[in-house]
Protein chains: 2
Amino acid sequence: MQGKQDGTLRRSPTVTLASLARELGVNVSTVSRALSERPTGVSAATVATVRRAAEQRGYRRNLAARTLRTGRSFTVGMTVARLTDVALASVYGGVDEASIHAGYTTFVANTLDRADLRRRRLDLMLGRQVDGFVLADSHLDGAAIGQLDDLRVPHVLALRGLPGRLSVTTDDLVGGRLVAEHLLGLGHRRIGVVAGDVLASTGEQRTRGFLDTLDEAGVDVPQHRVVPGLFDVRSGVESAAQILATDPDVTAIFATSDAAAIGVMATLRDLGRRIPEDVAVVGYNNLDLAEALPVPLTSVDSRLFDVGTQAMRTLLELIGGGSPGSLSLEPRLVVRASTVP
Amino acid sequence: MQGKQDGTLRRSPTVTLASLARELGVNVSTVSRALSERPTGVSAATVATVRRAAEQRGYRRNLAARTLRTGRSFTVGMTVARLTDVALASVYGGVDEASIHAGYTTFVANTLDRADLRRRRLDLMLGRQVDGFVLADSHLDGAAIGQLDDLRVPHVLALRGLPGRLSVTTDDLVGGRLVAEHLLGLGHRRIGVVAGDVLASTGEQRTRGFLDTLDEAGVDVPQHRVVPGLFDVRSGVESAAQILATDPDVTAIFATSDAAAIGVMATLRDLGRRIPEDVAVVGYNNLDLAEALPVPLTSVDSRLFDVGTQAMRTLLELIGGGSPGSLSLEPRLVVRASTVP
DNA sequence: CTGAAAGCGCTTACAG
DNA sequence: CTGAAAGCGCTTACAG
């Protein structure tokens, strides 16, 4: 069992179009035609014979050869800040599913929201002849936007949008508005915001939709109560501490991600504040986790998996020569005990 | 700006070895040699000239052609149950980093711990000429193990091991032991276990190391207090509820994942039990989250990122013709407020 | 050190 | 409907 123990196995001779053709006594082009998705210019009988033989021999088309010949790799690349962010892993899940369904495979790369890493990963993927990109790490700064112009293949932004670019997002302005209306309805007037990364359209729009709605209702949120950062737990901890240090009387905090909201809750707990009696907390994304927290978290369902599948479908349409438009999915507020006891 | 809005850009003519050779007035084989990682049989001067031209023209090697010619794709495949499990995304992060460092790219696929999905994804990756596999979704059942024998390429198990197979894991027996010793030291004698998936070596070994240690100390854990399930939050919620229903007097619960531990905490909270005064809770993996929970979670650091990098390095050694051995990393207990107030 | 040639496995016009 | 041929871009023995 040596072969098993060292993780390798004897490699059996490769089955190719040529070997099948030889065995069947036909030309390799006939075999190729018979094995194409929608066989054309071959008799039904030949198709059947060839496919049976292919199946029997365990034929597996060599994608490298096909790619070299056709210029299409049936591979796409995806960039995200970090896959350990469950929200981003969810979007990838959707992309992956839609990819497989269409006969594609997706490379996914962690870029840590750094322009240099993204540049490197995009280059590597381009060298691998990807047919397109799903970019879920768009940044509203020059370097990041400039990179898009260098891409020589179709691409779609996912989750985070940019003005004038093809994208599939959730309507984050509406999401922020839903949260504001909910908190206003509960009587909150002194509210803090853990804004997340304001260079990501998600953080920016969720915050803006939220603040605009409060503003329309005549509720002011002073600048120092809107703290930018990242979307992780630590950022929530620190931003909340900052808000509560300058404004101990806030009655509610809105975080633009569930992870940050968990950090906010930790800070409140450390300070001995009860949730939601002393301070209400709202998150964003409605991860599975939100429901199961010690204090279940009110959050906005941002349909992350759907964002992924739709982004991939849009990309496929683009690759196929179509002209799809941008898509904005409707978010939905899910109310739980962190705002309503 | 039409080109930008629809996500595509005019495709400039491809730079190939042939086009560079023409431009430089040398043979394509010379260009190929000059551009190889460790140029051999070319003058230093030629290397310099060629590389300058390549850089200047923005040459990018066509991986499909190289793969077709050499039979190596510099691509590996990885399977995980689900990337939305932060623990698994962490392992992927390590694999990804080590891959890139070595000039490789990794495909990662969600298999949901289902043999049929895994079979399908492995086949697809095989068709893409992957040079090897990192398998992080091994199951101790026949179907899953049998599949490994069909793989015609080098492969390494990561995180979850199987007897007699090459693997890179954390020593889960020791991890379980560390938890047991900790709880014993705190005086706990009535303890429940949220065992997770017992078909995964992680869940099985962590539970076994834990129970064996208690047994050696003369502490019995009746079967009904050891509840199998998955590694997610929901499983933690349900398993804890089951334990507490049959045995309301337990003073500690060990969950084999942090996610499940969070579920356990939620259940305790719903029942009005204080953590750790009434019931102590221990998790596993030491995710970033553990530290920031309302009650910081005692957990075992399982060095997930390292498992990923080491698994990839082991695979590369195997691909390179070496005979690496299995690796078992040392876990470390991180004590926090969920066991010690 | 450099060149000329073969060939990896596939798809696809072009004949017949 | 089937065959024969060309060629995608690369690497690598084989000459010189």
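Throughout, protein chains are lettered first and strands after them, A, B, ... in sequence-line order, and every chain is numbered starting at 1. For clarity, every value in this text was computed on a predicted model and none was experimentally measured.
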Can you measure [X] atom [atom1] to [N] atom [atom2] for me and round it to whole angstrom units?
X         : N       : atom1 : atom2 : result
Arg72(A)  : dC10(C) : CZ    : P     : 18 Å
Arg128(B) : dG9(C)  : CZ    : P     : 18 Å
Asn27(A)  : dG9(C)  : CG    : P     : 16 Å
Leu20(A)  : dT11(C) : CG    : P     : 12 Å
Leu17(A)  : dC8(C)  : CG    : P     : 13 Å
Arg69(A)  : dC10(C) : CZ    : C1'   : 8 Å
Gln129(B) : dG9(C)  : CD    : P     : 10 Å

(request) Enumerate the residues from residues 47-66 of chain A whose closest heavy atom to DNA chain C is under 4.0 Å, giving them by residue number; use none for an empty result. (result) Tyr59(A), Arg61(A), Asn62(A), Ala65(A), Arg66(A)
A side-chain contact here means heavy atoms from C-beta on lying under 4.5 Å apart; do [X] and [Y] qualify?
X         : Y         : result
Val91(B)  : Met78(B)  : yes
Asn62(B)  : Thr16(B)  : no
Leu162(A) : Ser201(A) : no
Arg160(B) : His139(B) : yes

(request) Using a strict cut-off of less than 4.0 Å between a Lys/Arg side-chain nitrogen and an Asp/Glu carboxylate oxygen, indicate whether Arg120(A) and Asp116(A) qualify as a salt bridge. (result) no
Report which part of the nucleic acid [X] touches: base, sugar-phosphate, or nothing (heavy-atom distance under 4.0 Å, all strands).
X        : answer
Val28(B) : base
Ser32(B) : base
Thr70(B) : sugar-phosphate

(request) Quick one: list whatever passes salt bridge (charged side-chain N to carboxylate O under 4.0 Å, His left out) with Arg121(A), sequence neighbours left out. (result) Asp96(B)
(request) Quick one: list whatever passes salt bridge (charged side-chain N to carboxylate O under 4.0 Å, His left out) with Arg313(A), sequence neighbours left out. (result) none
(message) My understanding is that only residues two or more places apart in sequence, or in another chain, count here; which of them pass side-chain hydrogen bond (donor to acceptor under 3.5 Å, both in side chains) with Thr75(A)?
(response) Arg128(B)
Please write out the pairs of protein N or O atoms and N or O atoms of nucleotides 13-16 of chain C separated by less than 3.5 Å, giving the distance to one decimal.
{"residue": "dA13(C)", "atom": "N6", "partner": "Arg33(A)", "partner atom": "NH2", "Å": "2.8"}

(message) Tyr104(B): which residues meet the ring-ring contact (aromatic ring centres under 6.0 Å, His included) condition with it, sequence neighbours left out?
(response) Phe74(B)
(request) Could I get the full list of ring-ring contact (aromatic ring centres under 6.0 Å, His included) partners for Phe305(A), not counting sequence neighbours? (result) none
(message) Only Watson-Crick and G-U wobble pairs with both distances less than 3.5 Å should count. Give DNA chain D in dot-bracket notation, marking inter-strand partners with |.
(response) |||.||||||||.|||
(message) Just to verify, what does Thr84(B) make a side-chain contact (heavy atoms from CB on, under 4.5 Å) with, not counting sequence neighbours?
(response) Val86(A), Ala89(A), Ser90(A), Arg82(B)
(message) Can you list everything that forms a side-chain contact (heavy atoms from CB on, under 4.5 Å) with Leu327(A)? Sequence neighbours excluded, please.
(response) Val168(A), Gln310(A), Leu329(A)
Going by atom type alone, with no hydrogens or angles, which donor-acceptor pairs under 3.5 Å involve a side-chain atom of residues 20-31 of chain A and a protein atom two or more places apart or on another chain?
{"residue": "Glu23(A)", "atom": "OE1", "partner": "Arg57(A)", "partner atom": "NE", "Å": "2.9"}
{"residue": "Glu23(A)", "atom": "OE2", "partner": "Arg57(A)", "partner atom": "NE", "Å": "3.3"}
{"residue": "Glu23(A)", "atom": "OE2", "partner": "Arg57(A)", "partner atom": "NH2", "Å": "3.3"}
{"residue": "Asn27(A)", "atom": "OD1", "partner": "Ser29(A)", "partner atom": "N", "Å": "2.8"}
{"residue": "Asn27(A)", "atom": "OD1", "partner": "Ser29(A)", "partner atom": "OG", "Å": "2.8"}

(message) Let's see if you get this right: which residues in residues 37-46 of chain A place a heavy atom under 4.0 Å from DNA chain D?
(response) Gly41(A), Val42(A), Ser43(A), Thr46(A)
(request) Using distance alone, with no hydrogens and no angle criterion, decide if Ser99(A) and Thr106(A) have a side-chain donor and acceptor under 3.5 Å apart. (result) yes
